[in-house]
There are 2 protein chains.
Amino acid sequence: MISKRDQILDIAERGYRQGGFAGLSFRDIAAALDMKSASVHYHFPHKEDLGKAVVERYTDNLLDNLGAPDAADDSVKIRLARLVEAYRAAYAEGESSCLCAVLGSVSPQLPPAVQEAVNSYFTRLVTWTETALSGAKPNTSLSAAHIISALQGAMILSVAMGDAHYLDDVAEDLAKKSGA
Amino acid sequence: MISKRDQILDIAERGYRQGGFAGLSFRDIAAALDMKSASVHYHFPHKEDLGKAVVERYTDNLLDNLGAPDAADDSVKIRLARLVEAYRAAYAEGESSCLCAVLGSVSPQLPPAVQEAVNSYFTRLVTWTETALSGAKPNTSLSAAHIISALQGAMILSVAMGDAHYLDDVAEDLAKKSGA
DNA sequence: TATTAATTACCTATCGATAGGTAGGTATCA
DNA sequence: TGATACCTACCTATCGATAGGTAATTAATA
């Protein structure tokens, strides 16, 4: 049985990804769970608390799914394929953006704790990708920041145009460049 | 002398880029221009009208700055440099995202007219880039969608991390790949 | 074991602030 | 005189947040 707290986090994550931080209210969440907004405040006193918790859980879940970036029995290609697949799956469920693309693009206007959580998301993800890349042939034009940028951008294009092919193209391109 | 309508558009563009569509109100705009919110409604009756106008002007301005994508006396490298420079300049003034990255990422929740304007932005920009790219050596791994994705993503990283180097790196990489 | 104390997870009701939007009046011009 | 560009004054709906209360569960104690 899934705790009410986690249900709130689920609704909030979906809501933020679809409409941004300012686009989802305590009442929206309460309505979706058939409860009162005051009860949502019980679990997360301030909106900043909720935003922070959503982003942190999102980050932890993603890194869990990605697994170790330095497992000896994985190739660079396999590691990057896991990364790309995570983004494709995220888009596929609900045709919505990466949470941290949505939030990161308006970072200056976010509550400090949420800002920091988003910052941490990107830091951890770039670090993961850098580690995953170590051992790649140096002549390949792959860099961690470039890969994350390309995925984030393609996700936005796909959402804005309602067409997954932008993300698919980047996936294919990355698969090719990461060799056999 | 700059018309009040254009001043509203200026404020709205900056506001949307920093805080998203839901993050800027008629009252915010009025306060910034030392007028009343009812007067903003005089120029743009509904928020949807304002959003649409902001995106359309943004798109037109960008394409104006980019110039013709098929001028005979320009190389592919020069054209792409203009594109990249437009994005770097957009970030530099206010360290804020591309308007259509902010809006596009929450597209499903935007008023229809704004959604269409954002869609049109990406369509026109990808078309421009495709034309600008024609004539490039086919062995280069450059595609219009990839370039736009990379720029949008890097811009988000730069805004979220408060560090322009993500955008700079993509710029450098693109310059290298587009040959002499 | 029975009683008490605390805690959990909600509720109703309300706060001041703010959202988008409107009706109708007023000053300034061609 | 009529259009333009504002204004005052207001509306309804919603925002995040808080106060105060209640039933059910759990922990501690006599």
Side-chain angles (χ1 to χ4, degrees), chain A residues 1-55 57 102-103 106-118, chain B residues 1-55 57 102-103 106 108-117:
Chain A
M1 187 258 188
I2 193 170
S3 78
K4 198 63 94 174
R5 193 193 137 95
D6 282 338
Q7 290 178 51
I8 292 171
L9 254 14
D10 287 341
I11 298 289
E13 180 180 321
R14 198 172 64 204
Y16 290 154
R17 287 178 57 191
Q18 284 173 354
F21 187 70
L24 185 80
S25 70
F26 280 77
R27 281 172 182 77
D28 292 335
I29 296 167
L33 295 174
D34 199 29
M35 61 193 310
K36 300 297 164 177
S37 71
S39 307
V40 182
H41 279 284
Y42 167 77
H43 293 279
F44 302 95
H46 305 280
K47 205 180 180 184
E48 180 168 12
D49 305 321
L50 175 58
K52 185 187 174 198
V54 169
V55 175
R57 192 188 66 153
V102 173
L103 300 187
V106 296
S107 176
Q109 212 215 227
L110 256 24
V114 182
Q115 236 176 80
E116 282 157 30
V118 170
Chain B
M1 185 259 186
I2 198 171
S3 78
K4 198 64 91 173
R5 192 192 138 96
D6 283 338
Q7 290 179 52
I8 292 171
L9 254 15
D10 287 342
I11 297 290
E13 180 180 320
R14 198 172 64 205
Y16 290 155
R17 286 179 56 192
Q18 283 174 356
F21 188 70
L24 185 79
S25 70
F26 280 78
R27 280 172 181 77
D28 292 334
I29 296 167
L33 295 175
D34 198 30
M35 61 195 308
K36 300 296 167 177
S37 71
S39 309
V40 182
H41 279 284
Y42 168 77
H43 293 280
F44 302 96
H46 305 281
K47 204 178 181 185
E48 182 168 10
D49 304 322
L50 175 58
K52 184 188 174 198
V54 169
V55 175
R57 191 188 67 153
V102 173
L103 300 187
V106 296
Q109 212 214 227
L110 255 24
V114 183
Q115 232 176 82
E116 282 157 29

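Just so we're clear, the structure is a prediction, and the values are computed from it rather than from any experiment. Throughout, protein chains are lettered first and strands after them, A, B, ... in sequence-line order, and every chain is numbered starting at 1.
Look at A:Tyr42 and you'll find a side-chain N or O under 4.0 angstrom from OP1 or OP2 of C:dA9. Contact check, A:Lys36 against C:dC11: no side-chain N or O comes under 4.0 Å of OP1 or OP2. At the phosphate of D:dC6, OP1 or OP2 sits under 4.0 Å from a side-chain N or O atom of B:His43. Checking the phosphate oxygens (OP1, OP2) of D:dC7, a side-chain nitrogen or oxygen of B:Ser39 falls inside 4.0 Å. Look at B:His46 and you'll find a side-chain N or O under 4.0 angstrom from OP1 or OP2 of C:dG21.
Under the 30°/60° scheme for interplanar angles, the aromatic rings of A:Phe26 and A:His41 are found to lie parallel.
Formation of a donor-acceptor pair under 3.5 Å by the B:Glu48 side chain with backbone atoms of B:Ala113 is found in this model. Using modelled atom types, no side-chain atom of A:Glu13 and backbone atom of A:Val54 make a donor-acceptor pair closer than 3.5 Å.
DNA chain D is contacted by both B:Lys4 and B:Ser37; B:Lys4 maps to the nucleotide lying nearer its 5′ end (nearest heavy atom per residue).
Taking the side chain of B:His41 as heavy atoms from C-beta on, and the options C:dT8, C:dA23, C:dG20, the nearest nucleotide is C:dG20. Comparing atom distances between the A:Ala38 side chain and each of C:dA9, C:dG21, D:dA19 picks out D:dA19 as nearest. Considering only side-chain atoms of A:Arg27, the nucleotide from D:dC7, C:dG21, D:dG16 that sits closest is D:dG16. In the set D:dC6, C:dG20, D:dG16, D:dG16 carries the atom at the smallest distance from any side-chain atom of A:Ser25.
D:dT14 atom C1' lies 13 Å from atom NZ of B:Lys47, rounded to whole Å.
The side-chain contact (heavy atoms from CB on, under 4.5 Å) with B:Ile29 is formed by just one residue from the set B:Leu9, B:Leu50, B:Asp10; it is B:Leu50.
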